Q: 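Before I ask anything, let me first share the structure, which is written out below as structure tokens.
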Amino acid sequence: MQKKRKMPFIVILLFSVMAILSLVGCSSQSSSESDKMKSASSKVDSEYPIKIKHALGETTIKSKPKRVVTIQWGNQDIALALGVVPVGFSAANFGVQDDSGLLPWTAEKLEELDEKKPNVFQDTDGLDFEAISDAEPDVILAAYSGITQEDYDTLSEIAPVVAYPKAPWATTWREQVEWNAAGMGMKEEGAQLIKDTEDMIKEKLSKYPQIEGKKVVWVNFSANDLSKLHIYTPIDSRGAFLQELGMEYPKSVIEQIKDPNSYSLELSAENVEALYDADLIVGYGNDDLYNTIKADPLLGKIPAIKRGSVAFIESDTPLVAAGTPTPLSIKYTIDEYLELIGGAIDKKNE
């Protein structure tokens, strides 16, 4: 019978050492992966609680919201642009051409996100606190709004509230994205949305070089009372967007603003000279209103009125609602808006 050859001791020792090293390596790799997982987990945990300071206080959000409610104007568009369908949001109260409470860009995005039955609050006459509560929100977004301290306190009993940064109705579209995205735990996504929107605006503006550097004022006239004018100041989102398009408010108008936190200014027709430096006037109105203003002995002397450098936006149209912009409304209406403004400016050179 043939004997089995014994394996040399040195070979056995070598195999043993290799096995031990292999086990140590696996253990080290497993430990390293475990550490990475713990590190990633700690990073996620460290993002909360989120604290957001705003004009009405400081809001603490303890964990990433799953149910988002938005109230008042345009805030739902920020959530939708970031791919989140709010479990409830306020109806648009002007510019809507049906009874849906939805502006076309909002409806378009809802369809894209496959939301067929959005929960729309019919709260144009005041916040519907009961409907908001019934939606069971984890956070309430109101970065562009006019809520009062009392409203804020009541809403805060329902869920954490992200209010406006500085003053009511004085939030730019960019700030609206920043504050609302932060409230949703989507700060980085919000920054990307801002960049994408800025790039799109820049590309569209390249076709209208005549806009750059022009002096503009957003003025609302009333045919029923031409003795006073209503002006949106540069901190209003409408005025701020005009400046973003490359225009600026005349110094003569800036000097009339006494409250730096006010989004509007009432000006007597007797002080209409403040508008004389404007290359362009933007406002809500139509041809009939323009003809009435042009025939007025005081307002008709405004140079922009005389030459027709007026971009009036007719009521009950989507564009009238885009004056207070969001990324969705800008994308939907910017071609029409720039054509209107560019055409009015061209009349200065005719």
Side-chain angles (χ1 to χ4, degrees), residues 48-79 84 86-94 101 119-187 190 230-241 257-266 321 323-326:
Y48 290 92
I50 293 173
K51 294 183 182 293
I52 302 173
K53 292 184 178 180
H54 47 73
L56 300 179
E58 182 177 83
T59 295
T60 300
I61 301 171
K62 296 180 179 179
S63 60
K64 185 171 176 60
K66 294 180 180 178
R67 297 178 63 82
V68 174
V69 157
T70 74
I71 57 171
Q72 296 198 336
W73 188 263
N75 297 292
Q76 76 283 345
D77 285 352
I78 309 305
V84 175
V87 293
F89 59 92
S90 296
N93 57 8
F94 65 95
N119 180 22
V120 182
F121 305 141
Q122 300 300 325
D123 58 1
T124 52
D125 294 328
L127 292 173
D128 189 337
F129 295 105
E130 185 176 352
I132 294 169
S133 179
D134 288 346
E136 299 180 348
D138 297 322
V139 69
I140 299 170
L141 305 181
Y144 184 67
S145 70
I147 60 173
T148 64
Q149 186 69 56
E150 183 179 358
D151 292 333
Y152 173 77
D153 293 341
T154 302
L155 290 167
S156 295
E157 294 177 4
I158 300 172
V161 183
V162 179
Y164 39 82
K166 299 174 184 175
W169 305 119
T171 311
T172 67
W173 72 265
R174 192 177 283 96
E175 291 171 328
Q176 197 176 357
V177 173
E178 289 174 350
W179 260 253
N180 286 335
M184 296 167 64
M186 300 180 73
K187 189 174 181 179
H230 181 261
I231 295 174
Y232 287 126
T233 69
I235 71 164
D236 178 80
S237 61
R238 283 158 282 223
F241 189 56
I257 301 171
K258 306 305 179 186
D259 181 358
N261 290 320
S262 177
Y263 70 92
S264 65
L265 165 72
E266 188 172 284
T324 50
T326 69

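No experiment lies behind these values; they were computed from the predicted model shown. As a basis for the values below, the full set of heavy atoms in this structure was taken, side chains included, without hydrogen atoms, waters or symmetry mates.
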Q: Identify the two heavy atoms, one from A142 and one from N75, that lie closest to each other, and give their separation to 0.1 Å.
A: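 It is CA-ND2, 3.8 Å.
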
Q: Sequence neighbours excluded, which residues qualify as ring pair (Phe, Tyr, Trp, His ring centres under 6.0 Å) partners of F129?
A: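 Scan of F129 (ring pair (Phe, Tyr, Trp, His ring centres under 6.0 Å), adjacent residues dropped) gives none.
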
Q: The criterion is side-chain contact (heavy atoms from CB on, under 4.5 Å); which residues satisfy it with T59, sequence neighbours excluded?
A: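 Checked T59 against side-chain contact (heavy atoms from CB on, under 4.5 Å); matches are H54, I61, Y152, P160.
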
Q: Would you compute the distance between atom CD1 of I231 and atom OG of S264 and round it to the nearest 0.5 angstrom?
A: 10.0 Å

Q: In chain order, what residues pass the side-chain hydrogen bond (donor to acceptor under 3.5 Å, both in side chains) check against K258, with sequence neighbours excluded?
A: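 With neighbours one apart ignored, the set is empty.
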
Q: Give a yes or no on whether the backbone of G146 and the side-chain of Q72 come within a donor-acceptor separation of less than 3.5 Å.
A: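 Checking the backbone N and O of G146 against the side chain of Q72, a donor-acceptor pair under 3.5 Å is found.
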
Q: With sequence neighbours left out, what residues match R238 under salt bridge (charged side-chain N to carboxylate O under 4.0 Å, His left out)?
A: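 Testing R238 for salt bridge (charged side-chain N to carboxylate O under 4.0 Å, His left out), a comparison that skips the adjacent residues, returns D236.
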
Q: Please identify each residue that fulfils side-chain hydrogen bond (donor to acceptor under 3.5 Å, both in side chains) with W173, with sequence neighbours left out.
A: E244

Q: Looking only at atom types and distance, does a side-chain atom of T324 sit under 3.5 Å from a main-chain N or O of A321, one as donor and one as acceptor?
A: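 Checked: pair present.
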
Q: Does any part of the side chain of P325, heavy atoms only, come nearer than 4.5 Å to the side chain of S237, both counted from C-beta?
A: yes

Q: Looking at residues at least two apart in the chain, or sitting in another chain, which of them share a side-chain contact (heavy atoms from CB on, under 4.5 Å) with D134?
A: E130

Q: Does any N or O in the side chain of W179 come within less than 3.5 Å of the main-chain N or O of K53, such that one atom is a donor and the other an acceptor?
A: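 Checking the backbone N and O of K53 against the side chain of W179, a donor-acceptor pair under 3.5 Å is found.
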
Q: List the residues meeting side-chain contact (heavy atoms from CB on, under 4.5 Å) with A55, not counting sequence neighbours, and say none if there are none.
A: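 For A55 the side-chain contact (heavy atoms from CB on, under 4.5 Å) partners, ignoring immediate neighbours, are Y164.
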
Q: Report yes if some heavy atom in the side chain of E136 is under 4.5 Å from a heavy atom in the side chain of V87; otherwise report no.
A: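 No; the side chains remain at least 4.5 Å from each other.
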
Q: Ring-plane angle category for Y232 and Y263, please: parallel below 30°, perpendicular beyond 60°, tilted otherwise.
A: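 The rings of Y232 and Y263 lie parallel, inter-plane angle below 30°.
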
Q: Tell me, do F121 and I132 make a side-chain contact under 4.5 Å, heavy atoms counted?
A: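 In contact.
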
Q: May I ask you to check whether F94 and W73 place their ring centers less than 6.0 Å from one another?
A: yes

Q: Does any part of the side chain of P86, heavy atoms only, come nearer than 4.5 Å to the side chain of L141, both counted from C-beta?
A: no

Q: How far apart are the closest heavy atoms of A143 and N180, and which atoms are they?
A: CB-OD1, 3.3 Å

Q: Using every non-hydrogen atom in the two residues, find where G190 and A181 come nearest and quote the distance to one decimal.
A: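 Heavy atoms of G190 and A181 come nearest at CA-CB, 3.8 Å.
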
Q: Check side-chain hydrogen bond (donor to acceptor under 3.5 Å, both in side chains) between D123 and all other residues, then give those that pass, not counting sequence neighbours.
A: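 With neighbours one apart ignored, the set is S90.
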
Q: Residues in side-chain contact (heavy atoms from CB on, under 4.5 Å) with K64, at least two apart?
A: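 Residues passing side-chain contact (heavy atoms from CB on, under 4.5 Å) with K64: Y48, M186.
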
Q: Given side chains that start at C-beta, do those of K187 and E178 come closer than 4.5 Å, heavy atoms only?
A: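 In short, these two side chains do not touch, never coming nearer than 4.5 Å.
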
Q: Check for a donor-acceptor pair, side chain of D138 on one end and backbone N or O of V68 on the other, with a separation under 3.5 Å.
A: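 Pair absent, no side-chain N/O of D138 close to backbone of V68.
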
Q: Identify, with sequence neighbours excluded, every residue that meets side-chain hydrogen bond (donor to acceptor under 3.5 Å, both in side chains) alongside D151.
A: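 Partners of D151 under the side-chain hydrogen bond (donor to acceptor under 3.5 Å, both in side chains) test: T148.
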
Q: Going by heavy atoms in the side chains, are D128 and Q122 under 4.5 Å from each other?
A: no

Q: Does V69 reach the side chain of F89, with side-chain heavy atoms less than 4.5 Å apart?
A: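 They are not in contact (no side-chain heavy atoms under 4.5 Å apart), so the answer is no.
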
Q: Heavy-atom distance under 4.5 Å between the side chains of V162 and V139, does that happen here?
A: yes

Q: So which atom in N261 and which in A167 form the shortest heavy-atom distance, rounded to 0.1 Å?
A: O-CB, 3.5 Å

Q: Please find the pair of heavy atoms, one from P260 and one from I235, that lie closest to each other, and give the distance.
A: O-CD1, 3.3 Å

Q: Looking just at side-chain N and O atoms, do D77 and T326 make a donor-acceptor pair shorter than 3.5 Å?
A: yes

Q: Between T70 and Q76 (side chain of the first, backbone of the second, donor and acceptor by atom type, cut-off under 3.5 Å), is there such a pair?
A: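 Yes: the side chain of T70 pairs with the backbone of Q76.
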
